[in-house]
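Atoms within each ligand, like the ligands themselves, are counted from 1 in listed order. All residue numbers in this chain count up from 1 along the given sequence. From a predicted model like this one, the values you see are computed outputs, not experimental measurements.
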Amino acid sequence: MRLTVIGTGYLGATHAACMAELGHEVLGVDVDPDKAAALAAGQVPFHEPGLPELLAEHTASGRLRFTTSYAEAGAFGDVHFVCVGTPQRADSEGADLTYVDAAFAAIAAHAAPDALLVGKSTVPVGTAGRLAQTYDTEVAWNPEFLREGFAIEDTLRPDRLVFGVGSARAETILREVYAPVLATGTPLVTADFPTAELVKTAANAFLATKISFINAMAEVCEAAGGDVGTLAQALGHDDRIGARFLRAGVGFGGGCLPKDIRAFAHRADELGVSLGFLRDVDAINMRRRDRVVELTRELCGGAVLGARVAVLGAAFKPGSDDIRDSPALNVAARLRLDGAEVNVYDPEAMDNARKAFPLLGYAVSAEDALRGADIVLHLTEWPQFRALDPERAAALVNRPNIVDGRGVLDADRWTAAGWRFRALGRPAPRGEKA
Ligand code: NAD
């Protein structure tokens with residue numbers, strides 16, 4: 001089939017390359033000429049494991065091309081996937097639909113009358129229905145559940161596909177697009193527009209709630225002297241609850257969960273339904289960043305003015321260079337404002353971090369960040385940070401203080417190597433040197 005993918009950011013570039021991998025002829029469309037040119041030259045402008053190889057293979061074979069021209073896209077494609085951004089609005093918690101509306105208007109003006117316009121962006125419930133009523137060309141919604149860092153795997157072998165369709169014809173076309181994926185037994189849920197849109201926002205709301213739930217338990221443990229690590233372990237053995245997304249830490253960030261739960265609560269209000277608990281989920285999440293700042297102050301003797309702080313991590317999660325709403329950089333910037341000398345290191349996100357936070361210091365390696373530090377903050381869970389040797393690390397720093405903001409470092413090992421070790425929701429280890 002001949003497909004276009006409109007908006008070639010994290011979602012769209014991945015979707016375009018994966019659709020080519022499934023055997024389709026694909027044309028990616030972006031309003032950003034630099035992005036389109038880079039992708040056309042086989043360069044991925046962000047970090048996503050496996051994507052450069054897939055992109056190089058399919059751009060070289062000519063099966064995958066990129067353009068900025070909607071006229072070319074309309075003439076080329078039978079099915080047009082819209083993957084543009086839906087950021088938070090500047091003036092409210094709601095989603096900014098400017099890009100989605102512009103992309104639908106532009107492709108609808110050029111698409112063949114029997115084309116199918118398929119939204120993949122995460123949108124407030126009601127958007128697909130509104131767009132379907134606006135244009136003569138048929139609309140469908142096919143929400144995306146990929147995780148950055150696993151985007152290729154999640155697209156080619158998703159745990160489910162959701163088709164929001166208004167006709168049997170639209171379902172047939174989408175089944176044809178995803179035929180190789182469906183042939184492997186991937187579950188397909190076909191739904192009306194509102195349900196399909198809600199599957200995505202409900203999934204994100206559930207995951208965010210689970211993370212904030214254990215982080216709220218961390219707050220209680222901090223107040224009561226409990227250990228949230230042990231609590232989570234015991235809870236996770238209950239298969240009604242499950243162990244995943246149950247690790248206390250500095251919380252979630254990124255370009256999706258924070259803005260999606262805010263937009264969901266906002267949209268629910270418009271519909272007369274209160275999802276106020278999502279605002280608590282958001283508030284708990286933001287409070288964990290405050291807690292890391294507070295622990296840093298405590299370990300620095302009450303104030304961070306002049307302290308050298310090594311921040312391990314800048315991406316919002318490992319496996320990605322995405323720094324949108326990154327907890328690590330949020331904490332780093334706040335400590336810098338309080339007068340600390342902050343040195344950040346991240347294996348992949350240095351360029352993005354430097355652009356967004358030019359006033360922070362940047363190290364060339366984890367060891368370089370640690371050199372002379374008064375405190376180390378472990379804020380993005382990259383495997384190389386987990387693998388740091390506490391004894392070697394102790395020899396590099398000025399003072400052996402560490403806050404494990406991801407709850408994965410071995411407190412006993414770090415303490416045995418002479419570190420004052422703090423993790424969220426956990427008591428200070430016994431046997432620590434004062
Ligand atoms: P992004 O900001 O990385 O990419 C958006 C792209 O759209 C940019 O390249 C931009 O130049 C382009 N664009 C904007 N307006 C355009 C227009 N009118 N025509 C053509 N291109 C246009 O965003 P993203 O992270 O890829 O997210 C896109 C959507 O997918 C959002 O709704 C997001 O919530 C959703 N989503 C993202 C992920 C993820 O992991 N990133 C996962 C699932 C769903």
Considering only NZ, NE, NH1 and NH2 on the basic side and carboxylate oxygens on the acidic side, decide whether Asp260 and Arg267 come within less than 4.0 Å.
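So Asp260 does not pair with Arg267 through a salt bridge.
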Ligand 1 atoms in contact with [X] (distance to a heavy atom under 4.0 Å):
{"X": "Tyr99", "answer": "14 (C), 15 (N)"}
{"X": "Ile6", "answer": "19 (N), 20 (C)"}
{"X": "Lys35", "answer": "8 (C), 9 (O)"}

Shortest protein heavy-atom distance from [atom], along with the residue and atom involved:
{"atom": "atom 32 (O) of ligand 1", "value": "Thr86 OG1, 2.5 Å"}
{"atom": "atom 10 (C) of ligand 1", "value": "Asp30 OD1, 3.5 Å"}
{"atom": "atom 37 (C) of ligand 1", "value": "Cys256 SG, 3.5 Å"}
{"atom": "atom 42 (C) of ligand 1", "value": "Leu146 O, 3.6 Å"}
{"atom": "atom 29 (C) of ligand 1", "value": "Val84 O, 3.3 Å"}
{"atom": "atom 41 (N) of ligand 1", "value": "Glu148 OE2, 2.8 Å"}
{"atom": "atom 5 (C) of ligand 1", "value": "Gly85 N, 3.6 Å"}
{"atom": "atom 7 (O) of ligand 1", "value": "Gly7 CA, 3.4 Å"}

Indicate, as side chain, backbone, both or neither, the part of Arg324 found under 4.0 angstrom from ligand 1 when only non-hydrogen atoms are considered.
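For Arg324, the contact with ligand 1 is made by the side chain alone.
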Can you tell me how far the [atom1] atom of [X] sits from the [atom2] atom of [Y], to the nearest 0.5 Å?
{"X": "Leu27", "Y": "Arg2", "atom1": "CG", "atom2": "CZ", "value": "9.0 Å"}
{"X": "Leu55", "Y": "Glu21", "atom1": "CG", "atom2": "CD", "value": "11.5 Å"}
{"X": "Phe145", "Y": "Lys120", "atom1": "CZ", "atom2": "NZ", "value": "8.5 Å"}

Does Asp114, at its CG atom, have more than 12 non-hydrogen atoms belonging to other residues, nucleotides or ligands within less than 6.0 Å?
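Enclosed.
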Under 3.5 Å side-chain donor-acceptor pair for Ser167 and Glu138:
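Their side chains do contain a donor-acceptor pair, which is all the 3.5 Å distance test asks for.
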Decide if the gap between the ring center of Phe163 and the ring center of Tyr178 is smaller than 6.0 angstrom.
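Aromatic pair counts; centres sit under 6.0 Å.
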For Phe316 together with Trp382, are the ring centres under 6.0 Å from each other?
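Aromatic pair excluded; centres sit 6.0 Å or further apart.
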Do ligand 1 and Tyr10 have nitrogen or oxygen atoms that lie under 3.5 Å from each other?
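It does: an N or O of Tyr10 is found under 3.5 Å from an N or O of ligand 1.
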Does [X] come within less than 4.0 angstrom of ligand 1, counting non-hydrogen atoms of the residue?
{"X": "Lys200", "value": "yes"}
{"X": "Tyr70", "value": "yes"}
{"X": "Arg147", "value": "no"}

Test item: Phe46 and Glu148 side chains (from C-beta on) under 4.5 Å apart, heavy atoms
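In short, these two side chains do not touch, never coming nearer than 4.5 Å.
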Heavy-atom nearest option to atom 21 (N) of ligand 1, drawn from Val82, Val31, Thr122, Thr14:
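Going through Val82, Val31, Thr122, Thr14 one by one, Val31 has the nearest heavy atom to atom 21 (N) of ligand 1.
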For the backbone of Val342 and the side chain of Arg336, can you confirm whether one donor and one acceptor N or O come within less than 3.5 Å of each other?
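Side chain of Arg336 to backbone of Val342: no pair is present.
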Do you know which of Ile375, Leu299, Thr296 makes side chain to side chain contact (heavy atoms under 4.5 Å, CB included) with Val304?
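Single side chain to side chain contact (heavy atoms under 4.5 Å, CB included) partner of Val304 among Ile375, Leu299, Thr296: Thr296.
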